[in-house]
Amino acid sequence: YEAYVEFGEAPNGGGIYVEDGDLTFFRAAIRENHASEDGGGVYLLGDDEVATMNCGGVDAEVLLNEADRHGGGIAGVGYVQVGTVENPTEMLIEGNEAEEEGGLMRVRDGATVDIDNSDFINNRTNSGSGKGGGVFWLENSGSNVTAHSSLFCNNSAKESGAVASLRSTGTSFTAQGSIFLENDSNDKGGVFHTETGATFTVTQNTFVLNDASSDGEALFASGGSGTFHSNVVVDHNNEAFYQSGGSYSFDYNAFFDNGS
């Protein structure tokens, strides 16, 4: 690496705190930082016009950061770009932890996250009293995450949504061409958990061996709306999808060896 940000301690942004500014890093590692509140690795404050974070380049990593509340790796408001289309599998996001919500990232107040060609592995929330989101916790209207051609593997939530938990009206998650493998929720939604007013669009992805202790090993939907189109869903022990309200479209998906 050309740069390291490691072993930092702060209430917010254990490694880096950005207010109304830009952060870009390539060939760098943000690792083993700790926040006593939010954003173990990075805390980003401002709207998407003035606070941005771009991370990519060969061997760039966000590793083993921790937050005692939200966003083990990253928290705050603004625009975050993870990875690029041009450099496949360039970003490794691994082993970040939050005690409450968003093992990797807390996405709030209209923040936008765009992801391409990145690996998200072993990120988690630790507290059973938290609201989940092993990788992403989305709250407040306008907050959205888009993921293309990425891997989500072995992420976990003590409550709901091992990859993403969408609990607020106006939040959205879009995934295309990605793999969701062996993610685990101790409650609902082995991969996704959505509630009233949230929206998701999931097309041309692969779901394998995800698990939820309660319902919906791939998706738990209790309200909201979404499209689940042209996906492959394989080897889930129990019901892969659970819907108890809302409006969802399921078309042209392939299901193999799933329970009921």
Side-chain angles (χ1 to χ4, degrees), residues 40 62-74 92-107 113 115 118-139 145 147 150-167 171 173 175 178-195 198 200 202 205-222 224 226 228 231-244 253 255-260:
V62 179
L63 295 174
L64 302 173
N65 300 287
E66 299 181 6
D68 291 346
R69 294 200 317 176
H70 314 295
I74 303 166
L92 175 62
I93 317 288
E94 182 174 4
N96 300 283
E97 301 179 17
E99 286 302 315
E100 297 183 21
E101 289 95 24
L104 168 67
M105 190 179 301
R106 182 192 192 196
V107 185
V113 181
I115 299 161
S118 299
D119 294 342
F120 297 81
I121 301 171
N122 292 330
N123 301 286
R124 63 182 180 268
T125 57
N126 292 325
S127 174
S129 63
K131 298 177 183 177
V135 182
F136 301 105
W137 164 259
L138 286 81
E139 58 181 321
V145 174
S150 294
L151 170 67
F152 296 84
C153 179
N154 285 323
N155 301 288
S156 62
K158 280 293 185 182
E159 196 169 300
S160 300
V163 171
S165 184
L166 291 75
R167 294 292 188 97
T171 56
F173 193 103
S178 295
I179 297 171
F180 299 89
L181 172 66
E182 295 185 333
N183 301 287
D184 175 73
S185 168
N186 201 43
D187 190 7
K188 309 176 186 74
V191 178
F192 299 117
H193 176 224
T194 67
E195 290 194 354
F200 81 97
V202 181
N205 302 281
T206 301
F207 295 79
V208 182
L209 290 170
N210 301 289
D211 183 66
S213 296
S214 182
D215 298 309
E217 298 202 325
L219 166 68
F220 179 93
S222 60
F228 199 89
N231 300 282
V232 177
V233 184
V234 182
D235 283 338
H236 296 88
N237 291 325
N238 299 304
E239 187 177 28
F241 300 105
Y242 179 88
Q243 181 183 353
S244 63
N253 301 292
F255 297 87
F256 302 97
D257 296 326
N258 300 291
S260 60

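What you see is a predicted model; the values in this text were computed from it and never measured. The analysis underlying the following values was restricted to heavy atoms, covering all of them including side chains, and did not include hydrogens, waters or symmetry mates.
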Colleague: The criterion is salt bridge (Lys or Arg N to Asp or Glu O under 4.0 Å); which residues satisfy it with Glu94, sequence neighbours excluded?
Modeller: none
Colleague: Taking side chain to side chain contact (heavy atoms under 4.5 Å, CB included) as the test, write out the residues that go with Glu239, two or more places apart.
Modeller: Tyr242
Colleague: Rounded to the nearest 0.5 Å, what separation is found between the CG atom of Asn238 and the CG atom of Asp211?
Modeller: 7.5 Å
Colleague: Donor-acceptor pair, Asn258 side chain versus His236 backbone, under 3.5 Å?
Modeller: yes
Colleague: Looking at every non-hydrogen atom in both residues, tell me the closest pair between Gly190 and Ala212 and how far apart they are.
Modeller: N-CB, 3.7 Å
Colleague: Which pair of non-hydrogen atoms, one from Gly40 and one from Ala67, has the smallest distance, and what is that distance?
Modeller: N-CB, 3.8 Å
Colleague: I'd like to check the side chain to side chain donor-acceptor pair (under 3.5 Å) partners of Asn237; sequence neighbours left out, ordered by chain and number.
Modeller: none
Colleague: Would you check if Ile179 and Val208 make a side-chain contact, meaning some heavy-atom pair closer than 4.5 Å?
Modeller: no
Colleague: With sequence neighbours excluded, tell me which residues meet side chain to side chain donor-acceptor pair (under 3.5 Å) with Asn253.
Modeller: Asn231
Colleague: Please give me the minimum heavy-atom distance between Asn155 and Phe120, naming the atom from each residue.
Modeller: ND2-O, 3.1 Å
Colleague: How far apart are the C-alpha atoms of Thr171 and Phe136, what are their side-chain angles, what is the distance that settles it, and do they pass the side chain to side chain contact (heavy atoms under 4.5 Å, CB included) test?
Modeller: CA-CA 12 Å; Thr171 56; Phe136 301 105; over 6 Å; no
Colleague: By ring-ring contact (aromatic ring centres under 6.0 Å, His included), which residues pair with Phe241, not counting sequence neighbours?
Modeller: Phe228, Phe250, Phe255
Colleague: Just jot down the side chain to side chain contact (heavy atoms under 4.5 Å, CB included) partners of Glu139, sequence neighbours excluded, or say none.
Modeller: Arg106, Arg108, Trp137, Ser168
Colleague: For Asp187, give me all partners under side chain to side chain contact (heavy atoms under 4.5 Å, CB included), at least two apart in sequence or on another chain.
Modeller: Glu159, Ser160, Ser185, Ser214
Colleague: What I want to check is whether the side chains of Asn210 and Glu217 have a donor and an acceptor closer together than 3.5 Å.
Modeller: no
Colleague: Taking side chain to side chain donor-acceptor pair (under 3.5 Å) as the definition, give me every residue that meets it alongside Asp215, ordered by chain and number, with sequence neighbours left out.
Modeller: none
Colleague: To the nearest 0.5 Å, what is the distance between OG on Ser150 and CG on Asp119?
Modeller: 7.5 Å
Colleague: Search all heavy atoms of Ala157 against all heavy atoms of Gly133 and return the closest pair with its distance.
Modeller: CB-N, 4.0 Å
Colleague: Run the side chain to side chain contact (heavy atoms under 4.5 Å, CB included) test against Thr194 and tell me which residues pass, sequence neighbours left out.
Modeller: Leu166, Ala198, Phe200, Leu219, Ala221, Tyr248
Colleague: Which heavy atom of Asn96 sits nearest to which heavy atom of Gly72, and what is that distance?
Modeller: CB-C, 4.2 Å
Colleague: Within this structure, what is the CG-CD distance for the pair Asp68 and Glu99, rounded to the nearest 0.5 Å?
Modeller: 6.5 Å
Colleague: Going by salt bridge (Lys or Arg N to Asp or Glu O under 4.0 Å), name the residues that satisfy it together with Glu97, two or more places apart in sequence or in a different chain.
Modeller: Arg124
Colleague: Quick check for you: to the nearest 0.5 Å, what is the distance between Ile93 atom CD1 and Asn122 atom CG?
Modeller: 13.0 Å
Colleague: Would you give the length of the straight line joining atom OG of Ser156 to atom CG of Asn183, rounded to the nearest 0.5 angstrom?
Modeller: 8.5 Å
Colleague: Any chance you could lay out the side chain to side chain contact (heavy atoms under 4.5 Å, CB included) test for Phe152 and Val191, step after step, and finish with the verdict?
Modeller: CA-CA 9 Å; Phe152 296 84; Val191 178; over 6 Å; no
Colleague: Distance from Thr206 atom OG1 to Leu151 atom CG, nearest 0.5 Å?
Modeller: 10.5 Å
Colleague: Show your working on side chain to side chain contact (heavy atoms under 4.5 Å, CB included) between Asp235 and Phe256 and close with a plain yes or no.
Modeller: CA-CA 7 Å; Asp235 283 338; Phe256 302 97; over 6 Å; no
Colleague: Grab the two heavy atoms, one from Arg69 and one from Ala98, that are nearest each other, plus how far apart they are.
Modeller: O-CB, 3.6 Å
